[in-house]
Amino acid sequence: MSNPKTILHELLGEHQYPESEARYNVTPGQTSAVVIVGEDDSRCLTNMQWGLVPSWLKKPTTDHRMINARVETVGEKPAFRESVAHRRCLVPADGFYEWRKSAGGNQPYLIRLNKGAPFGFAGLWDRWRGSDGHVLKTFTILTTVANALVEPIHKRMPVILDRQQRDAWLLPWAGPEGIRQFCDPFPALAMETIPVSTYVNNPAHDSVKCVEAVPLSGRQTLF
DNA sequence: CCAGACGTTGTT
DNA sequence: GTCTGG
DNA sequence: CCAGACGTTGTT
DNA sequence: GTCTGG
C-alpha cells in the first residue's frame with residue numbers, strides 16, 4: 001500500500017532492508033512482503049503468500065488455507081502451535097477494509113490509523129515443502145475483538161501492534177500467558193474509519209486497492 | 001491402536 | 001507433525 | 001470478504 | 001446453492 005518505504009523503516013527499525021520488488025497489497029493467495037526474524041536474530045523482509053499452509057498438509061490446496069487466526073485461542077490450536085512459538089511475523093500495511101452489512105448493499109470502509117500512519121499486523125508464518133523440494137512460504141493474520149470504533153462495522157478486526165508490541169511480538173515464545181498482551185484491540189481513539197466506494201468490492205481491483213485509489217470524501221461513489 | 005482433524009470469516 | 005475421538 | 005463461475009466433447 | 005479465485 002502507500003509509502004512502503006516509511007512502513008518498512010518503521011517495522012525493520014535500524015536494520016537494513018532491500019529495495020525489493022515486493023508487493024504491498026495484502027491479498028489472499030497473493031504474495032506480499034512480511035517482516036520476520038532471521039537465523040541471526042535480525043529482522044528481514046521475505047515475500048510470502050497470504051493464507052497459511054501448515055507444513056503437515058498433504059497438498060497445499062486453496063480450501064485449507066487459513067487467512068486469519070484468533071489471537072484468543074492461537075496458543076491452543078494444533079494448526080498454529082508451531083508457528084506461534086517459532087514463526088511470528090509483522091505484516092506491513094497502512095489500512096484494511098471491512099464491509100458493514102445493510103439492506104441496500106454492503107458498505108465498505110477503509111479502516112486505518114489516524115492520518116494513515118503505517119503499522120504492522122501481527123502474523124504467523126510457516127513453510128510447506130513439496131515432494132520435489134520446493135518450498136512454499138505462507139502467513140496468516142491474527143484477529144481479535146473489534147474496538148468501539150470498528151465494532152458497528154465488523155465484530156472482529158486484525159491485531160495491530162504499536163511500536164513496543166512489535167518488538168514483543170517478535171520475541172521467542174514465552175508460554176500461552178505471553179499471548180494475552182496482544183488480545184486487546186488497537187485503541188479506537190487512534191484510528192479512523194472512512195466510507196469508500198464499492199470499487200473495492202471487486203477482487204479484480206485488489207491490486208489497486210490503496211488509499212490513493214479510493215475517494216475519501218465519505219460518500220459512496222462509483223467510479 | 002488407528003483414523004481423522006487440524007481454521008476463520010460470515011450467515012440479506 | 002500432533003492431538004482427539006472411537 | 002466479494003465476484004463470478006457453475007461443462008463436455010475432442011484436440012490442427 | 002456452493003465453490004474458486006483474487
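Side chains included, hydrogens not; waters and symmetry mates left out as well; all remaining heavy atoms used. Residue numbering restarts at 1 for every chain, and letters A, B, ... go by the order of the sequence lines. The shown structure was predicted, so the numbers you read here are calculated from the model rather than taken from an experiment.
Listed nucleotides: B:dT9, E:dG5, B:dC6. Nearest to the side chain of A:Pro203: E:dG5. Of the candidate nucleotides E:dG6, C:dC3, B:dT9, E:dG6 has the atom nearest to the side chain of A:Gln30. Considering only the side chain of A:Asn201, D:dA3 comes nearest among C:dC3, D:dA3, B:dT9.
The residues A:Asp126 and A:Arg87 are annotated as salt-bridged, a charged nitrogen and a carboxylate oxygen being separated by less than 4.0 angstrom. The pair A:Glu76-A:Arg70 does not meet the salt-bridge criterion, since no charged nitrogen lies less than 4.0 angstrom from a carboxylate oxygen.
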A:Thr193 vs A:Ile153, test: side chain to side chain contact (heavy atoms under 4.5 Å, CB included). Steps then yes/no. CA-CA 9 Å; A:Thr193 60; A:Ile153 301 168; 3.9 Å; yes
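A:Thr140 comes within contact range of no nucleotide atom at all, as no heavy-atom separation falls under 4.0 Å.
The CD atom of A:Glu98 sits 10 Å away from the P atom of B:dT9 (whole-angstrom rounding).
D:dG7 and E:dG5 are spaced 12 Å apart, taking the P atom of each and rounding to whole Å. Taking atom P in both B:dG4 and D:dT9, the straight-line distance is 32 Å, to the nearest Å. When the C1' atom is compared between D:dT8 and B:dA5, the two are found 36 Å apart, to the nearest whole Å.
Base pairing annotation: D:dC1 forms a Watson-Crick or G-U wobble pair with E:dG6, both donor-acceptor distances under 3.5 Å. B:dG7 makes up no base pair with any nucleotide shown, lacking Watson-Crick or G-U wobble contacts both under 3.5 Å.
A:Thr73 has a side-chain polar atom (N or O) that falls below the 4.0 Å cut-off from OP1 or OP2 of B:dT8. At the phosphate of B:dT12, neither OP1 nor OP2 sits under 4.0 Å from any side-chain N or O atom of A:Asn106. Listed pair A:Arg65 / E:dT4 fails the phosphate criterion, with no side-chain N or O lying under 4.0 Å from OP1 or OP2.
Between A:Trp56 and B:dC6, a base-stacking contact is recorded: ring centres under 5.5 Å apart, planes less than 30° from parallel.
Between A:Trp99 and A:Tyr109, the gap from one ring centroid to the other reaches at least 6.0 Å.
The minimum heavy-atom distance linking A:Ser83 with A:Trp125 is given by the pair OG-O, 2.8 Å.
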